[in-house]
Amino acid sequence: MKRILLFFSFLLVYVGVDSQTVNQQLKTASKMQESMPDSCILISQKVLTKISDTDIKDKGYAYWNLAQSYLYKHQYHTALFYALKGNELFAKSDTSRLYQDIQATIGWIYFDIGNYQYAVPYHQKALEIAQLRANLSEEVLYTNALGLNALSSNHYQRALGFFQKALFILNSSEEQNRSLLSTVQNNMGIIYIHYEDWVKAETFLHQSLENSSGVASGLLETYSLLSRVYLNTLDYEKCKAYLDKAENVSYKTSYSFSLIEYYKVRYEYERVIGNLKSAYRYQNKYIQLYKKINNRNVQGVMNYLIEVQDEKIKQDKLLIEQAQKIALNRQILVFVGIALAIIVIGILYYVFKSKAERSLLRQKLLKQELDEKEELQAELSSKLAYKNEAIETLALTMSKRNELVKKVAEDVSKSSSADVKKAWRKFEQAFNQYSDSSILSDKFIKDFKYRVQSQFPDLTNKELQLLVDIRNDLTSKELAEKYHVEVKSIEMSRYRLRKKLHLEKGVQLKDFIMKL
């Protein structure tokens, strides 16, 4: 009998809708998505046979109706199939209400099968479109959806943030949407149930009832949640009262998620009070509905579809990347060819130019080097001439000195004065002693250097020679002339020599050397 009535109801709907336009039929079907999903499917499939591939809007509308209807029937793989077909009709930048609804439906399909991570991007996309369309009610709706994704993933604090944001938007709006407010307050109650904050949970659930639009599925869920609060606070009288209210509205809805919450709480209550027969009955209802919602094959099928979709996306991306690489390689080859031609021309120009410049530079360097050598040769010749002149002068002086000494010796020998002869003998002794010391100077210098180096082993040969020169009464100026350097260089050498000899301030270098 029930099947006959169902057949006649289908027939009446079918005949009544057949006289409407395509758009009217789709609107009529959308109203039946939850209450009469089979009728919605029948009408939408019939519409699909009438419209052409160019009627994007009507085709997308039909796919959305089919996806929603199969979602309410918990046939998730079919629902996702139609939702994805509808999604393919629109560009990602589309901001239409229909595209937004399709995004949301895909999100709810993933949500209902427990793939919350896949649901988030679609609900996020629906939220972005709602914000672009400046529709506050829809913005609240999808902010609430993101909160439910977080709640179902056990991210309670994040979920609470989304619900609080939804409440803030609703309270800031001039037009109060009590139905949406009731939904968000109901979800706030669920959060505080998880936190076991029974006072706040009770407060938000009562506020949800005050703002309720009277939809049976919403009332059933809120009554069931309040029953759970009172069951956990051991207030069995209130728990029983709200369970009775839930029982009354449970016959007015077929929404599985509200019913399953009610059956679960009812079973727990009946078991606590000892009514085991009734507890068994509600437990059985809960198990049957749970099996319907959580079909074991659904997850595998959905994961397969997801993998197929991801693989198709990867292949499409790979083909696009390959095409882009080929185009890019062509451009690169052209640019490389041009660049190589420019480089070759530049290299040839640079080689010839550099060769000429190097030749010219080599000539300049050779001329400069020749000039420097000539200057150095002239300087050395001048110094050699100066030294030769000095040697000749010294030799002449020594010769004259010897002649003078010889002449004086002859004059002294002729003199009859004893004092003069005595004085001459002293002079002659001193003169011969000086000559002997000059003859022995090399031996003395070696001995001197040895004694100094034994006390100061860090001294270099140049510093030892400087000690000898200072001992021979050569001034800094004379030393500078001797070694052909600046006087400052000699002074710096004397300063470093004092440091190595560890001389304190006030001690003369010459005196220290003479003591050595």
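Positions are given from 1 along the sequence.
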Whether D197 side chain and I193 backbone form a donor-acceptor pair below 3.5 Å: no

query = NZ of K165: more than 12 outside heavy atoms within 6.0 angstrom?
reply = no

Under 3.5 Å, side chain of T143 to main-chain N/O of E139, donor-acceptor pair present?
yes

Task: Atom CG of N154 with >12 non-hydrogen neighbours under 6.0 angstrom - done: yes

Is the number of heavy atoms from other residues, nucleotides or ligands under 6.0 Å of R158 CZ greater than 12? no

_Please determine whether a side-chain nitrogen of the Lys or Arg among E138 and R97 lies less than 4.0 Å from a carboxylate oxygen of the Asp or Glu._
yes

- Item | Working for ring pair (Phe, Tyr, Trp, His ring centres under 6.0 Å), residues Y110 and Y116 | CA-CA 6 Å; Y110 285 127; Y116 309 115; over 10 Å; no

Correct closest heavy-atom pair for Q45 and Y82 would be NE2-OH, 3.9 Å

Rounding to 0.5 Å, atoms CD1 (I129) and CD (Q100) come to a distance of 6.0 Å

CG of L66 to OG1 of T105, rounded to nearest 0.5 Å, is 11.5 Å

### Query
Heavy-atom distance under 4.5 Å between the side chains of E261 and Y223, does that happen here?
no

Quick one about Q68 and Y63 (side-chain donor to acceptor, distance below 3.5 Å, no hydrogens or angles considered), yes or no?
no

Tightest non-hydrogen contact, residues K125 and K92, listed as NZ-O, 2.9 Å

So ring-ring contact (aromatic ring centres under 6.0 Å, His included) across residues 143-167, not counting sequence neighbours, yields Y156-H194

So CG of N211 and OG of S179: to nearest 0.5 Å the spacing works out to 9.5 Å

No-hydrogen, no-angle side-chain donor-acceptor test under 3.5 Å, T183 and N186 | no

Quick one: does R266's side chain have a donor or acceptor within less than 3.5 Å of a partner on L243's backbone?
yes

Under 6.0 Å from the ring centre and within 45 degrees of the ring axis: does the NZ or CZ of K264 meet both conditions for the six-membered ring of Y267? no

### Query
With under 30° as parallel and over 60° as perpendicular, where do the rings of W64 and Y61 fit, or are they tilted in between?
tilted

Taking everything shown except K500 itself, do over 12 heavy atoms lie less than 6.0 Å from its NZ?
yes

Parallel, tilted or perpendicular, as decided by the 30° and 60° cut-offs, for the rings of H206 and Y230:
tilted

CG of N149 to CG of N115, rounded to nearest 0.5 Å, is 11.0 Å

* Would you say the side-chain atoms of K59 pair up with the backbone N or O of T54, donor to acceptor, closer than 3.5 Å? -> no

Are there more than 12 heavy atoms of other residues, nucleotides or ligands under 6.0 Å from atom NZ of K73? yes

(message) Looking only at side-chain N and O atoms, does S208 offer a donor or acceptor that is under 3.5 Å from a partner on S182?
(response) yes

Is it true that a side-chain atom of K367 and a backbone atom of R362 form a donor plus acceptor pair closer than 3.5 Å? no

Any non-hydrogen side-chain atom of S250 less than 4.5 Å from a side-chain atom of L259?
yes

All heavy atoms of G60 vs all of F90, minimum pair found to be CA-CE1, 4.4 Å

Check the pair S217 / S258 against side chain to side chain donor-acceptor pair (under 3.5 Å), numbers first and verdict last.
CA-CA 6 Å; S217 58; S258 296; 4.9 Å; no

*Say whether, by atom type as modelled, one donor and one acceptor occur between the side chain of N232 and the main chain of R228 under 3.5 angstrom.*
yes

Nearest heavy-atom approach of T253 to A216 is CB-CB, 4.0 Å

Polar side-chain atom of S44 near backbone of I41 as donor-acceptor pair, under 3.5 Å: no

Interatomic distance, OG@S96 vs CG@L132, rounded to 0.5 Å, equals 11.5 Å

message = Just checking Y263 against Y286, ring centres under 6.0 Å apart?
response = no

Tightest non-hydrogen contact, residues F111 and L148, listed as CE1-O, 3.5 Å

In terms of heavy-atom contacts, I43 and Q25 come closest through CG2-O, 3.7 Å

Close side-chain approach of V344 and I347, heavy atoms under 4.5 Å | no

Without hydrogens or angle criteria, can the side chains of H74 and Y72 be said to hold a donor-acceptor pair below 3.5 Å? no

Q.
Has N248 got a side-chain atom pairing as donor or acceptor with D244's backbone, closer than 3.5 angstrom?
A. yes

dist L205:CG -> S227:OG (nearest 0.5 Å) comes out at 10.0 Å

- request: Look at atom OH of Y280 and say whether more than 12 heavy atoms of other residues, nucleotides or ligands are closer to it than 6.0 Å.
  value: no

- Distance-only, no hydrogens or angles: does the N65 side chain make a donor-acceptor pair with backbone N or O of L26 under 3.5 Å? yes

Q. Do other residues, nucleotides or ligands put more than 12 heavy atoms under 6.0 Å from E247 CD?
A. yes

